[in-house]
Undergrad: 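Please read through the structure below; I'll follow up with questions.
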Amino acid sequence: MDFRSVIISCVTLSVLTGCASHSSIDAKKTTSQAESRTLNSTSTPLLEDKDIFGNETTLVVSEDDIQAALAEDNFRVPLNSAVILVQSGSRAPETVMQQEMSRYYTIATFSGIPDRQRKALCNKDKSKDENQDAAVAENTNWMQALRYVAAKGHQKAIIVYQETLQSGKFDAATKSMVWADFKAGKQPDSTSLRYLVRFTLVDVASGDWATWSPSNYETKLLTPKPGQKDTADAMTEQQITQLKQQTYTAMVKDLVTRYQ
């Protein structure tokens, strides 16, 4: 092995070992989460449960913790309250949802695309900031950061919604509907559509949250009759828009009834 090969080997080894750090458990979870998102970099990343709820599903929870949570007062969002509205996977909520929410609340919008984690720097000087790793791990909680933004803006609550459009076909063998995520293009005959939505409402002051999925609507996909000017794609898009409008209107009314 010549001298140049030795130098290259040493540099490679230093890169591999220099980036390693003794991170906390939460920091390791954050790293795994960032890596999983990187694998799906070709599509718009959606908010995950860990973004919204933090690491509560991995905490050691005692019976006392459960009883203390049950004893907490239910929070309310009075009409005309200032709220932040977020749609998962979108830089801004759809206009139809903003319009429905604006009838009851003063809304501000926020991106529902989670920030990708920055790559670790090998040359960081920990002597200047011994708590650097702890700060990085703490700031990776998406909802915690958004609550801080809302607090600075004097917003009462944060409303996050995650939606999925599905198409379904009746299975004669099982005598039930078989649903799958909707894919654009020509749809088979007798296709039905449904719009699934999950709401998460977070109280900015306390961090308490509530989540639920309102009843969804289903509609049978219409196909253009012979001689009609409308194409099948145009009719499908129109029906999807109508289904969203119907779903959003009912959902917002449900939210207001529950928490006003």
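Since we're looking at a predicted model, the values are computed, not measured.
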Undergrad: My understanding is that only residues two or more places apart in sequence, or in another chain, count here; which of them pass side chain to side chain donor-acceptor pair (under 3.5 Å) with T164?
TA: none

Undergrad: Is there a path of hydrophobic side-chain contacts, each under 4.5 Å between heavy atoms of I/L/V/M/F/W/Y residues, joining V202 to F110?
TA: yes

Undergrad: Considering all heavy atoms of both residues, which atom of S81 and which atom of P78 are nearest to each other, and what is their separation?
TA: OG-O, 2.6 Å

Undergrad: Considering only Ile, Leu, Val, Met, Phe, Trp and Tyr, and joining two whenever side-chain heavy atoms are under 4.5 Å apart, list the other residues clustered with W179.
TA: F170, M177

Undergrad: How about CG on D181, more than 12 heavy atoms from neighbouring residues, nucleotides or ligands closer than 6.0 Å, or not?
TA: yes

Undergrad: Which pairs pass side-chain hydrogen bond (donor to acceptor under 3.5 Å, both in side chains) with one or both residues in residues 149-160, sequence neighbours excluded?
TA: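 The answer is none; no pair qualifies.
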
Undergrad: Donor-acceptor pairs under 3.5 angstrom involving side-chain atoms of residues 249-260: please list them, not counting sequence neighbours.
TA:
residue, atom, partner, partner atom, Å
T249, OG1, E100, OE2, 3.2
T249, OG1, Q245, O, 2.8
T249, OG1, Q245, NE2, 3.1
D254, OD1, R258, NE, 3.1
D254, OD2, W212, NE1, 3.2
D254, OD2, R258, NE, 3.2
T257, OG1, K253, O, 2.8

Undergrad: Within this structure, what is the OG-CD1 distance for the pair S90 and I113, rounded to the nearest 0.5 Å?
TA: 6.5 Å

Undergrad: Using a 4.5 Å cut-off on heavy atoms from C-beta on, say whether the side chain of F182 contacts that of Q187.
TA: yes

Undergrad: Membership question, hydrophobic clusters at under 4.5 Å side-chain separation (ILVMFWY): are L47 and L201 in the same one?
TA: no

Undergrad: If you measure from CG on D51 to OG on S88, what distance do you get to the nearest 0.5 Å?
TA: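 Rounded to the nearest 0.5 Å, the CG-OG separation comes to 8.0 Å.
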
Undergrad: Atom CD in Q87, atom OG1 in T109: separation rounded to 0.5 Å?
TA: 11.0 Å

Undergrad: Applying side chain to side chain donor-acceptor pair (under 3.5 Å), can you list everything that pairs with T200, at least two apart in sequence or on another chain?
TA: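 By the side chain to side chain donor-acceptor pair (under 3.5 Å) rule, T200 matches T211.
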
Undergrad: Write down the atom of L79, the atom of Y105, and the distance for their closest heavy-atom approach.
TA: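 For L79 and Y105, the tightest heavy-atom pair comes out as CA-CE2, 4.4 Å.
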
Undergrad: Using a side-chain heavy atom cutoff under 4.5 Å and only I, L, V, M, F, W and Y, what cluster partners does V178 have?
TA: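 Result for V178 is none, singleton.
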
Undergrad: Would you sort out whether V61 and I66 count as a side-chain contact (heavy atoms from CB on, under 4.5 Å), showing the intermediate values?
TA: CA-CA 7 Å; V61 180; I66 297 174; 3.9 Å; yes

Undergrad: With a 4.5 Å cut-off on side-chain heavy atoms, are T236 and T191 touching?
TA: no

Undergrad: Just list the side-chain donor-acceptor pairs under 3.5 Å for residues 91-98, sequence neighbours left out, or say none.
TA:
residue, atom, partner, partner atom, Å
E94, OE1, Y248, OH, 2.7
E94, OE2, K244, NZ, 2.8
Q98, NE2, P93, O, 2.8

Undergrad: Enumerate the salt bridge (Lys or Arg N to Asp or Glu O under 4.0 Å) contacts for residues 77-90, please, sequence neighbours excluded, ordered by first and then second residue.
TA: none

Undergrad: Between P114 and L46, what is the shortest heavy-atom contact and its length?
TA: CG-O, 3.8 Å

Undergrad: Please collect all salt bridge (Lys or Arg N to Asp or Glu O under 4.0 Å) contacts where either partner lies in residues 159-176, sequence neighbours excluded, each pair once.
TA: none

Undergrad: Is there a side-chain contact (heavy atoms from CB on, under 4.5 Å) between N216 and E218 once you walk through the steps?
TA: CA-CA 7 Å; N216 60 278; E218 298 178 9; 3.7 Å; yes

Undergrad: Before you tell me yes or no, could you show the steps for V160 and W209 under side-chain contact (heavy atoms from CB on, under 4.5 Å), namely the whole-Å CA-CA distance, both residues' side-chain angles and the distance that decides it to 0.1 Å?
TA: CA-CA 11 Å; V160 180; W209 52 267; over 6 Å; no

Undergrad: Can you list everything that forms a salt bridge (charged side-chain N to carboxylate O under 4.0 Å, His left out) with D49? Sequence neighbours excluded, please.
TA: R198

Undergrad: Quick one: OG1 on T247 to OH on Y195, what's the gap to the nearest 0.5 Å?
TA: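 These two atoms lie 7.5 Å from each other.
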
Undergrad: List for me each residue that meets side chain to side chain donor-acceptor pair (under 3.5 Å) alongside S176, sequence neighbours excluded, and say none if there are none.
TA: T174

Undergrad: Identify, with sequence neighbours excluded, every residue that meets side chain to side chain donor-acceptor pair (under 3.5 Å) alongside R147.
TA: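 R147 satisfies side chain to side chain donor-acceptor pair (under 3.5 Å) with no residue once adjacent residues are dropped.
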
Undergrad: Applying a strict under-4.5 Å side-chain criterion to I, L, V, M, F, W and Y, I'd like to know whether F199 and L196 cluster together.
TA: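 Different clusters: F199 never reaches L196 through Ile, Leu, Val, Met, Phe, Trp or Tyr contacts under 4.5 Å.
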
Undergrad: Applying the 4.5 Å side-chain criterion to the ILVMFWY set and letting contacts propagate, would Y161 and L165 be lumped into a single cluster?
TA: yes

Undergrad: With the 4.5 Å side-chain cut-off for hydrophobic clustering, are I240 and V197 part of the same group?
TA: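 Yes; tracing contacts between hydrophobic side chains, which count when under 4.5 Å, links both residues.
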
Undergrad: Do V204 and I158 make a side-chain contact, defined as non-hydrogen atoms from C-beta onward lying under 4.5 Å apart?
TA: yes

Undergrad: Restricting to non-hydrogen atoms, name the atom on I159 and the atom on V83 that form the minimum distance, rounded to 0.1 Å.
TA: CD1-CG2, 4.3 Å

